[in-house]
Amino acid sequence: MSGTEEYGKVKVWSGRIALGVLLLGLWELLSGRAFNAFWLSKPSLILERIVEMTQKGTLWFHLSVTLQEAVFGLIIGMVGGTLLGIVLAYSGIFERWIYPYIMALYSLPRVSLAPLFIVWFGIGMSSKILMVVAMVIFVAFYNAFEGIRNIDKDLLDMMKTYKAGKLQKLTWVILPSITVWILTSLRLNIGMALIGSVIAELVGANRGLGYYITYSSGMLDTTGIFTGLFLIMLIAVVLEQVVIQLERRLLKYR
């Protein structure tokens, strides 16, 4: 990395940290003064709650459950949606038959599926993972499908000229061409995966950050609610940074 790039990176992160400190500082300063701290809590109380949860062992207990649900569901949904998009894009007339039904499923309010998954599979992790898959799979499908349709036709014609087989086309042209689309859908789906897992936990669970938020709400504990929300956002930021690093490795040619 050159000196200019290193300086630019430091500048970006310095700006992010400064903005975060400013916003948290204003929240801390105004809470209890401009508005009642009961309604929005304050950063210092959230930090105290995280320390308290860490000491009691409940922090990792709830956080790890939500993280597992989100990651497993994200992987299953991404793989399933991407494969479905690739297969359907090359299925000929079958794509025209099935596409309207995929659109119909996509239009369903997937939040309403959470109670059904709870009824069918109980309050364990299986129902939460299925909820995440339902949230993730369509974004993965549409990105892969559109990525295939936007491949440069000259590349495909060139592969035909060299009499390349289907596996060679997939390896040399299709997957490299849709990598950007797949990574974009992966970044979008991080938030969708966390939303899906938390929604399922809100409907029915005995552990996880969604459960902790529901429990805190029932106790009128706004600090607990904001603590759960903060931890969810923290997971999203960490996962996105992992994807960014993966993207830099896979897309060095850009």
Side-chain angles (χ1 to χ4, degrees), residues 12-74 109-115 117-118 123-125 127-129 131-132 135-136 187-244:
V12 168
W13 277 103
S14 299
R16 290 175 178 175
I17 293 171
L19 181 59
V21 170
L22 176 63
L23 293 175
L24 291 174
L26 286 174
W27 183 4
E28 180 74 25
L29 181 65
L30 295 176
S31 182
R33 295 179 175 84
F35 51 82
N36 193 329
F38 173 78
W39 301 111
L40 290 177
S41 189
K42 58 173 62 177
S44 59
L45 294 177
I46 294 172
L47 182 60
E48 288 178 11
R49 180 62 58 86
I50 291 175
V51 172
E52 179 185 331
M53 291 176 69
T54 302
Q55 293 172 344
K56 290 182 178 179
T58 57
L59 176 64
W60 181 244
F61 176 74
H62 291 300
L63 191 148
S64 63
V65 170
T66 301
L67 183 60
Q68 289 178 63
E69 294 164 355
V71 171
F72 288 153
L74 180 63
R110 274 149 290 165
V111 174
S112 64
L113 296 177
F117 290 149
I118 297 296
I123 63 172
M125 189 171 291
S127 59
K128 313 304 186 297
I129 291 175
M131 186 63 199
V132 174
M135 298 291 289
V136 164
R187 292 181 70 173
L188 292 173
N189 273 329
I190 289 173
M192 299 296 287
L194 288 169
I195 290 170
S197 61
V198 171
I199 286 174
E201 289 172 355
L202 290 173
V203 173
N206 55 9
R207 51 186 177 172
L209 294 177
Y211 164 78
Y212 183 75
I213 290 172
T214 303
Y215 175 80
S216 299
S217 177
M219 300 296 291
L220 299 179
D221 179 10
T222 53
T223 298
I225 295 172
F226 277 99
T227 299
L229 295 174
F230 172 78
L231 291 172
I232 292 167
M233 289 189 292
L234 183 62
I235 292 174
V237 170
V238 171
L239 289 179
E240 186 184 21
Q241 290 303 312
V242 172
V243 174
I244 288 173

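The structure presented is a predicted model; accordingly, all values stated were derived computationally and were not measured.
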With side chains defined as the heavy atoms from C-beta onward, is the minimum distance between [X] and [Y] less than 4.5 Å?
{"X": "Val132", "Y": "Met135", "value": "no"}
{"X": "Lys42", "Y": "Leu45", "value": "yes"}
{"X": "Leu231", "Y": "Ile235", "value": "no"}
{"X": "Leu40", "Y": "Thr222", "value": "no"}
{"X": "Ser44", "Y": "Glu28", "value": "yes"}
{"X": "Met131", "Y": "Val203", "value": "no"}

Exercise. Please walk me through it: do Ile232 and Ile213 pass side-chain contact (heavy atoms from CB on, under 4.5 Å)?
Worked result: CA-CA 11 Å; Ile232 292 167; Ile213 290 172; 3.8 Å; yes

Could you measure the distance from the [atom1] atom of [X] to the [atom2] atom of [Y]? Nearest 0.5 Å is fine.
{"X": "Ser14", "Y": "Arg16", "atom1": "OG", "atom2": "CZ", "value": "10.5 Å"}
{"X": "Thr214", "Y": "Asn206", "atom1": "OG1", "atom2": "CG", "value": "12.0 Å"}
{"X": "Leu59", "Y": "Arg49", "atom1": "CG", "atom2": "CZ", "value": "12.0 Å"}
{"X": "Leu67", "Y": "Leu239", "atom1": "CG", "atom2": "CG", "value": "6.0 Å"}
{"X": "Arg207", "Y": "Leu63", "atom1": "CZ", "atom2": "CG", "value": "13.5 Å"}
{"X": "Leu47", "Y": "Phe230", "atom1": "CG", "atom2": "CZ", "value": "8.0 Å"}

Which atom pair, heavy atoms only, marks the closest approach of [X] to [Y]?
{"X": "Ile129", "Y": "Phe72", "result": "CD1-CB, 3.9 Å"}
{"X": "Thr66", "Y": "Ser197", "result": "CG2-OG, 3.6 Å"}
{"X": "Gly210", "Y": "Leu202", "result": "O-CD2, 3.3 Å"}
{"X": "Gly124", "Y": "Ser127", "result": "O-OG, 3.1 Å"}

So, does [X] use its side chain to make a donor-acceptor pair with the main chain of [Y] at under 3.5 Å?
{"X": "Asp221", "Y": "Gly224", "value": "yes"}
{"X": "Thr227", "Y": "Thr223", "value": "yes"}
{"X": "Ser31", "Y": "Ser41", "value": "yes"}

For this session: Given side-chain contact (heavy atoms from CB on, under 4.5 Å), test Gln241 with Ile244 step by step and report yes or no.
Result: CA-CA 5 Å; Gln241 290 303 312; Ile244 288 173; 3.7 Å; yes

For this session: May I ask you to check whether Trp27 and Phe35 place their ring centres under 6.0 Å from each other?
Result: no

For this session: With side-chain contact (heavy atoms from CB on, under 4.5 Å) as the test, would you mind laying out the steps for Ser64 and Gln68 before giving the verdict?
Result: CA-CA 6 Å; Ser64 63; Gln68 289 178 63; 4.1 Å; yes

Problem set entry | Stepwise side-chain contact (heavy atoms from CB on, under 4.5 Å) check, Ile50 with Met53 | CA-CA 5 Å; Ile50 291 175; Met53 291 176 69; 5.5 Å; no

Exercise. Hey, are Lys128 and Glu201 close enough for a salt bridge, meaning a charged N less than 4.0 Å from a carboxylate O?
Worked result: no

